[in-house]
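Below is one structure, written out as structure tokens; the observations come after it.
Order of the sequence lines fixes the chain letters, A, B, ..., with proteins taken first and strands second; residue numbering starts at 1 for each chain.
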Amino acid sequence: MLPLKTPLTMALTLAIFTLNAYAQTPQETLAGLRQQAAETPGFQGFSATRGEQFFKSTHGNDWSCATCHTQNPTVSGKHAKTSKIIQPMAPAVNAERFTDQAKVDKWFKRNCNDVLDRACTPLEKGDVLTYLMSLK
Amino acid sequence: MNMKHTILIAALLAAPTVQASGGGESFAATQPKWKAECSSCHIAYPPKLLPAASWKTMMGSLDKHFGTDASLDAAATTEILAFLEKNASRRKPEPSAKPVLRFTETRWFQSEHDEVSARLWKDPRVKSPSNCAACHTKAENGDFNEHNIRLPR
């Protein structure tokens, strides 16, 4: 095999990853959710208080969001089963959070199924993101 | 950066770098998508830990992955399964009707770990036999060399 991982390839890869990592801002992610939530009759905007309540409560299953992400999303969490460290969720302390739409969609789908046995509504997601973005 | 370049570079990086180690198991096979996705919640378990049929079943049921939803989009699932199947264990399948999904239940794993005491398995720092890194300090890099084993004490 040829030595494929030349410095140039590595530099290009790094460049791509850097570009992809911040494809959008958390504010843009939130704006996308607001657009979806606005389609629900009676939508009056997101609430950090509601988001915090949602994040810290169980919803019929054993786990809440806080089970793995802890009651304080500005610090690292730990996977309830594997104990793998989970980096903080609050964008103020972890700039990578909510900057990649595919990643946001993937994890909301998975984690809402684990915590609620269903998909989260745009309102629930927007409330949680508003809460996480309110943390300093 | 256009799409063509991105794909080309991804393909170049995807080339598996399988190396034979002097005796013992070689877990050097790697692939970027597998590494990124499968190490989100645990270490990316080496493809060689299970036969191809097991990986096929596992990748077809990621929405119910040992009690959690680990679903991926179709493209990622296909790409990762191809890598897993190509580098899977070639040992004779277990004598059971269904493919084994927990590598800790394979005869190979159990015989490799038969000297591990019951007390150590129950240590809270180990928690589960699938927690390779509790003792294999470089498990994350596919390095299970005996010299890098540190038992929690």
For the student: nearest non-hydrogen atoms of A:N113 and B:D69, plus distance:
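Taking every non-hydrogen atom into account, ND2-OD2, 2.6 Å.
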Where does [X] contact chain A at under 4.5 Å (heavy atoms): side chain, backbone, both or neither?
{"X": "B:T68", "result": "both"}
{"X": "B:S40", "result": "both"}
{"X": "B:E37", "result": "side chain"}

Give the cluster check for [X] versus [Y]: same hydrophobic cluster or not, with ILVMFWY residues linked at side-chain heavy-atom distances below 4.5 Å.
{"X": "A:V75", "Y": "A:F55", "answer": "no"}
{"X": "A:W107", "Y": "A:Y131", "answer": "no"}
{"X": "A:F46", "Y": "A:F108", "answer": "yes"}
{"X": "B:L49", "Y": "B:F66", "answer": "yes"}
{"X": "B:F109", "Y": "B:M58", "answer": "yes"}

What residue in A:T82, A:I86, A:D114, A:I85 has the most heavy-atom pairs under 4.5 Å with chain B?
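Max contact count across the listed options: A:D114.
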Can you tell me if NZ on B:K35 sees more than 12 non-hydrogen neighbours from other groups inside 6.0 Å?
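Enclosed.
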Taking atom CG as the centre, does A:D62 end up with more than 12 heavy-atom neighbours from other residues, nucleotides or ligands that are less than 6.0 angstrom away?
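Not more than 12 within 6.0 Å, no.
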For the side chain of A:K84 and the backbone of B:S39, is there at least one donor-acceptor N/O pair under 3.5 Å apart?
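Indeed, once roles are kept as given, a pair shorter than 3.5 Å links the two residues.
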Check against side-chain hydrogen bond (donor to acceptor under 3.5 Å, both in side chains), B:S71 and A:K109:
CA-CA 8 Å; B:S71 51; A:K109 177 177 188 282; 2.9 Å; yes
Atom pair NZ (A:K81) and NZ (B:K127), whose distance is rounded to the nearest 0.5 Å:
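Here the rounded value is 9.5 Å.
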Does any backbone or side-chain atom of A:A102 lie under 4.5 Å from a heavy atom of chain B? Answer side chain, backbone, both or neither.
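Neither; nothing under 4.5 Å.
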Side chains of A:R110 and B:L72 in contact at under 4.5 Å (non-hydrogen atoms):
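A side-chain contact under 4.5 Å exists here.
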